[in-house]
Amino acid sequence: MFFEFIEYSDDNLQTLKRFLKRRCETEKELNLDPKGSNPEVFYYQFHKSDEFGFIGLKMVFYGSAEAYFTFMGKESKEPFNLGIKLMNEGFHTFLEIGDEKFEFNKKTPSNNV
C-alpha cells in the first residue's frame with residue numbers, strides 16, 4: 001500500500017512510490033474502467049490479474065489524493081526479482097519502465113555502497 005500524497009522520508013520508499021505509480025500508468029492493457037458514482041469525490045480502478053496473480057487497485061479521493069494497493073491471490077506465489085532483492089539488500093540498484101530509470105540505494109559520501 002502506497003499513498004501518492006505522502007512524502008516519505010526514506011528515499012527508497014519515495015522512489016518506489018514513483019515507480020509503482022508509473023507502472024500503474026503505463027500498463028494500460030491491465031487497467032479496468034474506473035468505478036464510482038461521483039468520480040470528482042472518489043473513484044477506484046482495478047487492474048486485471050498479472051502473470052503472477054497479483055491484482056492492483058488505484059483509489060483516488062477528491063481528484064488528486066491517490067492510493068495504490070496490491071492484492072495477492074491465494075494460489076499466487078511471490079515472484080523472485082533480482083532487482084528487488086538487490087534493492088532490499090541495500091545494493092545500488094536501478095529499475096526501469098520504458099526510458100525512465102528509478103534509482104535505489106543511491107551512493108552518497110556516507111554510505112559509498
Side-chain angles (χ1 to χ4, degrees):
M1 170 173 48
F2 275 92
F3 298 105
E4 196 278 329
F5 52 89
I6 292 178
E7 292 296 316
Y8 296 96
S9 60
D10 181 90
D11 285 343
N12 283 339
L13 285 178
Q14 191 66 19
T15 302
L16 187 58
K17 176 185 79 170
R18 290 187 307 103
F19 173 82
L20 294 173
K21 178 180 171 122
R22 187 71 182 128
R23 183 165 185 218
C24 187
E25 292 169 347
T26 60
E27 293 195 21
K28 297 296 184 194
E29 70 277 0
L30 295 180
N31 290 336
L32 298 175
D33 292 334
K35 305 285 185 194
S37 60
N38 189 352
E40 290 180 9
V41 175
F42 170 76
Y43 73 89
Y44 62 96
Q45 185 176 28
F46 277 100
H47 284 244
K48 292 181 184 175
S49 178
D50 68 10
E51 68 269 21
F52 304 110
F54 292 177
I55 299 169
L57 169 64
K58 174 184 174 182
M59 299 172 74
V60 180
F61 302 88
Y62 301 105
S64 63
E66 298 174 359
Y68 296 90
F69 303 85
T70 302
F71 302 94
M72 193 165 98
K74 289 181 182 179
E75 303 298 320
S76 301
K77 293 181 182 175
E78 188 171 344
F80 176 78
N81 181 297
L82 182 58
I84 298 295
K85 176 76 171 163
L86 292 171
M87 180 187 75
N88 288 338
E89 295 292 325
F91 289 91
H92 187 215
T93 307
F94 291 91
L95 298 178
E96 295 181 10
I97 297 177
D99 295 344
E100 198 168 351
K101 290 184 180 182
F102 299 85
E103 184 178 5
F104 297 89
N105 302 312
K106 295 178 183 178
K107 292 183 181 183
T108 66
S110 63
N111 70 13
N112 200 22
V113 177

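Every residue two or more places apart in sequence or in another chain was checked for a side chain to side chain donor-acceptor pair (under 3.5 Å) with E40, and none qualifies. K21 pairs by the side chain to side chain donor-acceptor pair (under 3.5 Å) definition with E66, not counting sequence neighbours. Residues meeting the salt bridge (charged side-chain N to carboxylate O under 4.0 Å, His left out) test with E89, sequence neighbours left out: K85.
Residues V41 and Y62 have side chains in contact (heavy-atom distance under 4.5 Å, counting atoms from C-beta outward). With contacts defined as side-chain heavy-atom distances shorter than 4.5 Å, the pair K48/L32 qualifies.
Of the possible donor and acceptor atoms, none in the side chain of E96 sits under 3.5 Å from a partner among the backbone N and O of K101. Checked by atom type and distance alone, the side chain of N12 pairs as donor or acceptor with a backbone atom of N105 at under 3.5 Å.
Taken together through direct or relayed side-chain contacts under 4.5 Å among Ile, Leu, Val, Met, Phe, Trp and Tyr, F5 and Y44 form part of one hydrophobic cluster. If you chain together hydrophobic residues whose side chains sit under 4.5 Å apart, L16 and F94 never meet in one group.
One distance of note links CG of L20 with NZ of K58; it measures 13.0 Å at 0.5 Å rounding. To the nearest 0.5 angstrom, Q45 atom CD is 6.5 Å from C24 atom SG. For the atom pair Q14 CD and F2 CZ, the distance stands at 9.5 Å (nearest 0.5 Å). Atom CZ of R23 sits about 10.5 Å away from atom CG of L95, to the nearest 0.5 Å. With rounding to the nearest 0.5 angstrom, the CZ atom of F19 is 8.5 Å from the CE atom of M87. Rounding to the nearest 0.5 Å gives a distance of 4.5 Å between CG of L57 and CZ of F46.
In this pair, F69 and F71 present their aromatic rings parallel. The plane angle is below 30°, not in the 30 to 60° band. Between F42 and F61, the ring planes are tilted. Angles from 30° to 60° get that label.
The shortest heavy-atom contact between T15 and E103 is CG2-O, 3.4 Å. Here the closest heavy-atom approach between residue E4 and residue S64 is recorded as OE1-O, 4.1 Å. When all heavy atoms of H92 and F104 are compared, the pair lying nearest together is CD2-O, 3.4 Å.
Between K17 and E7, at least one side-chain N (NZ, or NE/NH1/NH2) sits under 4.0 Å from a carboxylate O, which counts as a salt bridge.
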- Check the pair F102 / T93 against side-chain contact (heavy atoms from CB on, under 4.5 Å), numbers first and verdict last. CA-CA 8 Å; F102 299 85; T93 307; over 6 Å; no
